[in-house]
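Start at 1 and go down the list; that is how both ligands and their atoms are numbered. What you see is a predicted model; the values in this text were computed from it and never measured.
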Amino acid sequence: MSSSVKEYEIIEGNTFYYNYNYYICNKIERKMERIEVENPFVVGKYLSDKYFCDRREETEFLRKQIENGRDVALISPRRLGKSGLIRHFFAQDDIKEKYHVFFVDIYATTSLAEFVYTLGKEIYDQLKPQSTIWKEKYFQIITSFRVGFKLDAMSGAPSFDLGLGDIQIPQTTLDEIFAYIDEADKPCIIAIDEFQQVGEYTEKNVEALLRTKIQKCHRAQFIFSGSKRHVMSNMFNSPSKPFYQSAISMGLDPIPVETYADFATQMFEERGKHIDRQVIKDVWNKYAGYTWFVQMMMNELFALTPIGDTCQEFIIEEARHNVIMAQEQSYKDLLSNIPPKQKIVLQAIAKEGIAQNITSAKFIKKYNLNSASSVQSAVKMLLKSDLLTQTENGYRVYDFFLSEWLATVY
Ligand SMILES: Nc1ncnc2c1ncn2[C@@H]1O[C@H](COP(=O)(O)OP(=O)(O)O)[C@@H](O)[C@H]1O
Ligand SMILES: [Mg+2]
């Protein structure tokens, strides 16, 4: 006997519908099947190729490099879609079949110990659902992680509860991890996201150390991705650096506007809604095709359009307002953490949109700034913390939404 009802839950603003099939035998088993998300403009995570726009050529490029034994350095500004592309590549059936894939985001790490911890944990998490001989060797080979291996006193189920403090000698643990990888039953692909971060580690020469280990590792290939163009370029393209010419450099451009418009139109149509093509193009243009901003806007535009209706240009303004106001608290938190001198300069640049001649007397007077040198040092810090970016035409606040909020609301 079985019946089915629909229920849903909301995860990070998206509604997921489930199809629960109740099988009544001795006990009730709930079989859960994810049907679809209500809002198809997914932001901040990768669900499946259904919600992923294009990147066909880029996926093929990655496949070609990896299959021919070349590592890749993927370099582009933030929020264009690097992490998404790697997740998409890893989700391809043939890749999943042929390789073990691991994705480590090291943006928040500050030391080799944290790097080792993050890598070890990702490998464990990926292998957890499997039962293979290789998996069973995890704690045999990575002996320094044994302290984290626990058996639940009640159920006897194994768990892995490792603390950062458990890593005594990161280099040794790293050796063990690489020794473990070398025993893998399938070749591995390890993506290290925000790789430029290793340059900021407290220990010296981490780059050289990693390069040596990676070179010796025959069972894994690597995708290094990073947002800081000059740091990444310097790492892979300057002869004095350990990773010099060790990987194929790959850039990422915005998804072409027509391709994105086809995708967005389809997402609306499939769910009984319509959208004027010009709306998509306007949004794409306003945010220079930067996927994150465009997807955020499309998500809101979709939400604002009732089923059966057509999303038209006049709604853009309301969507923009909603998206920006939803972030207001995080902008306030962010501003409370930056020094007043930088804050004034940030707002001045936001008001300009794109600011040229920021050290000119005119600019300084217009925004009541202190002096050319104080503007210069503030800009330097703001660039370093990614709040500002330098374009061909001048400086702008990197986050388009923050920029609008600073210029109009704050
Ligand atoms: N091809 C795509 N189709 C749909 N959404 C995408 C695509 N690429 C990226 N995104 C979304 O855009 C946002 C930014 O992409 P992300 O991969 O995180 O950028 P990056 O790693 O370059 O900073 C993510 O929230 C992601 O969900
Ligand atoms: Mg990323």
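Between E258 and R277, at least one side-chain N (NZ, or NE/NH1/NH2) sits under 4.0 Å from a carboxylate O, which counts as a salt bridge. A salt bridge links D94 with R63; the closest basic N to acidic carboxylate O contact falls under 4.0 Å. Using a 4.0 Å cut-off between charged nitrogen and carboxylate oxygen, K186 and E97 do not count as a salt-bridge pair. The pair D193-K82 fails the salt-bridge criterion, with no side-chain N (NZ, NE, NH1 or NH2) lying under 4.0 Å from an Asp/Glu carboxylate O. For E194 and K228, the salt-bridge test fails: no basic side-chain N is under 4.0 Å from an acidic carboxylate O. Using a 4.0 Å cut-off between a side-chain N of Lys or Arg and a carboxylate O of Asp or Glu, D399 and R79 qualify as a salt bridge.
For atom 13 (C) of ligand 1, the closest heavy atom belonging to the protein is W292 CD1, 3.6 Å. The nearest heavy-atom contact from the protein to atom 11 (C) of ligand 1 is T291 CG2, 4.1 Å.
Residue contact check: G81 has heavy atoms under 4.0 Å from atoms 8 (N), 9 (C), 15 (O), 16 (P), 17 (O), 19 (O), 20 (P), 22 (O) of ligand 1. Shown in contact with Q295 at under 4.0 Å from a heavy atom are these atoms of ligand 1, numbered in order with element: 4 (C), 5 (N). In summary, the atoms of ligand 1 found under 4.0 Å from a heavy atom of R55, numbered by their order in the structure, are 1 (N). With ligand atoms numbered from 1 in the order given, ligand 1 contributes 23 (O) to contacts under 4.0 Å with heavy atoms of R78. Taking every non-hydrogen atom of K45 and a distance limit under 4.0 Å, the qualifying atoms of ligand 1 come out as 27 (O).
At a 3.5 angstrom cut-off on N or O pairs, K82 counts as close to ligand 1. Ligand 1 has a nitrogen or oxygen under 3.5 angstrom from a nitrogen or oxygen of C53. Considering backbone and side-chain atoms together, D193 places no N or O closer than 3.5 Å to any N or O of ligand 1. An N or O contact shorter than 3.5 Å links G44 to ligand 1 by distance.
At least one N, O or S atom of S83 sits under 2.8 Å from the Mg ion (ligand 2).
A distance of 8.0 Å separates NZ in K341 from OG in S371, rounded to the nearest 0.5 Å.
Using a 4.0 Å heavy-atom cutoff, Y51 is listed among the residues neighbouring ligand 1.
Remark: L383 CG is packed, more than 12 non-hydrogen atoms of other residues, nucleotides or ligands lying under 6.0 Å away. Residue-environment remark: NZ (K351) exceeds the threshold of 12 foreign heavy atoms within 6.0 Å. The number of heavy atoms from other shown groups lying within 6.0 Å of NE2 (H321) does not exceed 12.
The option with the heavy atom closest to atom 8 (N) of ligand 1, from among F52, Y260, Y107, is F52. The option from P254, S225, G84 that lies nearest to atom 17 (O) of ligand 1, judged by heavy atoms, is G84.
Only the side chain of I255 comes within 4.0 Å of ligand 1, counting heavy atoms alone; its backbone N, CA, C and O stay farther away. With a heavy-atom cut-off of 4.0 Å, H88 does not touch ligand 1 at all.
Both tests hold for K273 against F302: distance to the six-membered ring centre under 6.0 Å, angle to the ring axis within 45°.
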